[in-house]
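The block underneath contains the structure these notes are about, expressed in structure tokens.
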Protein chains: 4
Amino acid sequence: MSQRVARKRGERVRAILTTAAELLGERGYEDVSLEDVAERLDVTKGSLYYYFASKDELVTAAIETLGTDWTDRLEALPVAGPPAERLRALLREHIRIAVREYPAALRLFLVPDDWPAEQQARIKALRRRHDGVFRAVVEEGLRSGEFAVVAVGPTLQAMHAAMSQAPVWVRGEEQIDQLADTLMRLVRA
Amino acid sequence: MSQRVARKRGERVRAILTTAAELLGERGYEDVSLEDVAERLDVTKGSLYYYFASKDELVTAAIETLGTDWTDRLEALPVAGPPAERLRALLREHIRIAVREYPAALRLFLVPDDWPAEQQARIKALRRRHDGVFRAVVEEGLRSGEFAVVAVGPTLQAMHAAMSQAPVWVRGEEQIDQLADTLMRLVRA
Amino acid sequence: MSQRVARKRGERVRAILTTAAELLGERGYEDVSLEDVAERLDVTKGSLYYYFASKDELVTAAIETLGTDWTDRLEALPVAGPPAERLRALLREHIRIAVREYPAALRLFLVPDDWPAEQQARIKALRRRHDGVFRAVVEEGLRSGEFAVVAVGPTLQAMHAAMSQAPVWVRGEEQIDQLADTLMRLVRA
Amino acid sequence: MSQRVARKRGERVRAILTTAAELLGERGYEDVSLEDVAERLDVTKGSLYYYFASKDELVTAAIETLGTDWTDRLEALPVAGPPAERLRALLREHIRIAVREYPAALRLFLVPDDWPAEQQARIKALRRRHDGVFRAVVEEGLRSGEFAVVAVGPTLQAMHAAMSQAPVWVRGEEQIDQLADTLMRLVRA
DNA sequence: CATGAATGAGGTTTCATTCAT
DNA sequence: AATGAATGAAACCTCATTCAT
């Protein structure tokens, strides 16, 4: 395949994934049909199968796109300053993304046990990377004595759960701040 | 309708709701069909329509049953002792129920926006009562100065989110304790 | 389920199987869609799924119907007289059924290896019974010294293959007789 | 078209046909998609349409290739010796090819009635030539008095049917011999 | 009250075919 | 000559819902 064609294909795939990620983030797995994705892209269902072998594969790739994009934005935040400040910034940005762009994203990471192993693995890897961003800051704070936790794992899980479910009730900037500050208590020394 | 008949009907309805609540708590909305419910009850699908006008209505009522049952069990815990002790007991019991009995319950409370208004309202009311159990203890602790929070609302939301999503990763008693202790930090003075 | 209802259901199932068997006998597995079956029955596809869990299951049951019907007719032939006479009668009847009623039946018994085990087993059982009718007569002739064969298995296989494929070229009564007489040579002493 | 170009084209066509014939012989018409053929050739589906106007046309041509190849191999057998010996050799070779190389070939010759007339004709012609190889030996045996049959046509049809369906049940060299010997009975004087 | 039957809309998937490049 | 892309029809299957009995 020529370079030009490969690039074209990459663009096409990216367009599909972006669209699918949007829809999935808005409505969740069960409420998005391939017809929906195809329609928003103005192509037919059949075309999607030219790029992806099944709905699950498309969805997995889209979740990866969504998750990677999300993590990228978190990693793009400034890395200077004390851990507390950086963690609060991460929390706020995460909540903002969840509330504004991916209200249904939570469900996507609750992968059913009966998914193909490969796809479960991919999503778990994604979660791990995403997690890593927070974990790094938390551990830094722990080392410097600025933070204290019961255990790192449950702390991060609690943070993520709270942030991901935020779209259900958070309205407005003020609540975002309150939630972020509330979660900061989980690590305060 | 005679009293006897009304009672009979009530029993029947209760049986349906209990069964539906079980299944919904196990698998979530999309993975439970009316056929599943009917089969576990040893009844036909058609019969369910005698008691409920639609799947959504049945599901709403079942969620109510599940939620009420859940709240009842929390309210049955001892009410004596300092707020911290009582709150920790509530957290542990809540997590235990989530992990052991209703692993898919979380999704049930993420009601899609396009549900009929009446049913959204019912589920919200349910959540409010459920919330109340925790809120009461938290507010008591705040009054006595034993607790401190950023804001009560976000604190409770964060707790619930973390507990509800626990089935995804919690394994074993130790992790339950760790999560409960972690969440206690949200209110510690 | 009441007796009356059970009988009704049985009739319905029988109607479906008969229709499916007809179509399968005419056109073979790949060229019969559930839509075809449904249409000839004047019902919707969905209804078929009320009685059968999948196309394979319906097809297997239909093949069983077809095969059983076929075998029944062979077994209904007179059992008196010398083996040679009876075998020739069997051959002629078999060819007649194949040519007139089930031109595509051959393919149905060429079950792909990737069929569910249960269904493969059912069809094999069917073939065994069908085979048994011929085998009995052949073995009787062998015992009486009227027949002689190289080996019973290949002899029966050859007979069946030739008869089943007859629809492709047999036209008219005369060819039926010729084929039957030709196949008689396989056992003549 | 220059000679060189024509030769190139011929080679390409031959490669396609050989590959298609292989696949068809292995799996049959319905279980071979153009994608399969293209993939095994390391070419795209679109290219096939440059050489063939439709799947049916490609398949017909491939069947011709397969049939011709098959017949060629039969014709390559020694032509000396008594007809009985030669016929047995033909039978054994035919069965061997069917069992080892073209297990699904039988179905290919059961051409559906709704195929375009031209293609039906081509396949029939093919069968006639294939048939001719056996017919010649049988007729020679008849003339010499070594063989006797009820009628030549049905005899040949029965032989072919039995041999073609052999892949379904024949396992091992011994069964090949038994089937060949069994079929020899069809012509024995 | 409850059942068995039937429906119909919608979902995922496959694949022969077309076509601009 | 060949490719990558796209299409659209048709296949199998699921399930909430309706209804006569």
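Residue numbering restarts at 1 for every chain, and letters A, B, ... go by the order of the sequence lines.
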Q. What residue pairs, at least two apart or across chains, pass salt bridge (charged side-chain N to carboxylate O under 4.0 Å, His left out) with a residue in residues 45-57 of chain C?
A. C:Glu35-C:Lys45
Q. Rounded to whole angstrom units, what separation is found between the CD atom of A:Glu11 and the C1' atom of F:dG4?
A. 14 Å
With the criterion being N/O to N/O and under 3.5 Å, what pairs connect the protein with nucleotides 18-20 of chain F, and how long is each?
none

(Q) Measure CZ/A:Arg9 against P/E:dT21 and give the value in whole Å, please. (A) 19 Å
Q) Are any of A:Arg4's side-chain N or O atoms less than 4.0 Å away from OP1 or OP2 of E:dT21? A) no
Q.
Does any part of the side chain of B:Asp31, heavy atoms only, come nearer than 4.5 Å to the side chain of A:Glu30, both counted from C-beta?
A. yes
**Q.** C:Tyr102 side chain reached by C:Leu108 side chain, heavy atoms, under 4.5 Å
**A.** no
Q: Tell me which residues in residues 24-43 of chain C put a heavy atom below 4.0 Å from DNA chain E, sorted by number, or none.
A: C:Val43
Q: Considering non-hydrogen atoms only, spot the tightest contact between A:Ser164 and A:Pro167 and give its length.
A: O-CD, 2.9 Å
Q: Quick one: list whatever passes side-chain hydrogen bond (donor to acceptor under 3.5 Å, both in side chains) with A:Arg122, sequence neighbours left out.
A: A:Glu64
**Q.** Results of side-chain hydrogen bond (donor to acceptor under 3.5 Å, both in side chains) for B:Arg40 - residues two or more places apart only
**A.** B:Glu22, B:Glu26
Q) Separation of A:Leu48 atom CG from F:dG8 atom P, in whole Å? A) 14 Å
Q) Would you say the side chain of B:Tyr49 lies within less than 4.5 Å of the side chain of B:Leu34, judging by non-hydrogen atoms? A) yes
Q. Under 4.5 Å between any side-chain heavy atoms of B:Leu106 and A:Leu106, yes or no?
A. yes
Q | Distance, rounded to the nearest Å, where A:Lys8 contributes NZ and E:dT21 contributes P | A | 10 Å
Q) Any side-chain heavy-atom pair from A:Val13 and A:Phe52 closer than 4.5 angstrom? A) yes
Q. Got D:Leu41 and D:Leu48 here, is their nearest side-chain heavy-atom distance under 4.5 Å?
A. yes
Q) Under 4.0 Å between a side-chain N/O of A:Arg12 and OP1 or OP2 of F:dA6, yes or no? A) yes
Q: Would you write the dot-bracket representation of DNA chain E, where each base gets (, ), [, ], | or . depending on whether it forms a Watson-Crick or G-U pair under 3.5 Å and with which partner?
A: .||||||||||||||||||||
**Q.** Rounded distance (Å) that lies between atom P of E:dT3 and atom CD of C:Gln3
**A.** 19 Å
**Q.** Nucleotide F:dT14, atom P - distance to OH of C:Tyr50 in whole Å
**A.** 16 Å
Q) Taking atom CG of C:Asp42 as the centre, does the number of heavy atoms from other residues, nucleotides or ligands within less than 6.0 Å exceed 12? A) no
Q) Rounded to the Å, how far apart are D:Asp56 CG and E:dC15 P? A) 15 Å
Q. Between atom CZ in C:Arg7 and atom P in E:dA5, what is the gap in whole Å?
A. 13 Å
Q.
Quick check for you: among F:dG8, F:dC13, E:dG4, whose closest atom lies nearest to any side-chain atom of C:Ser54?
A. F:dC13
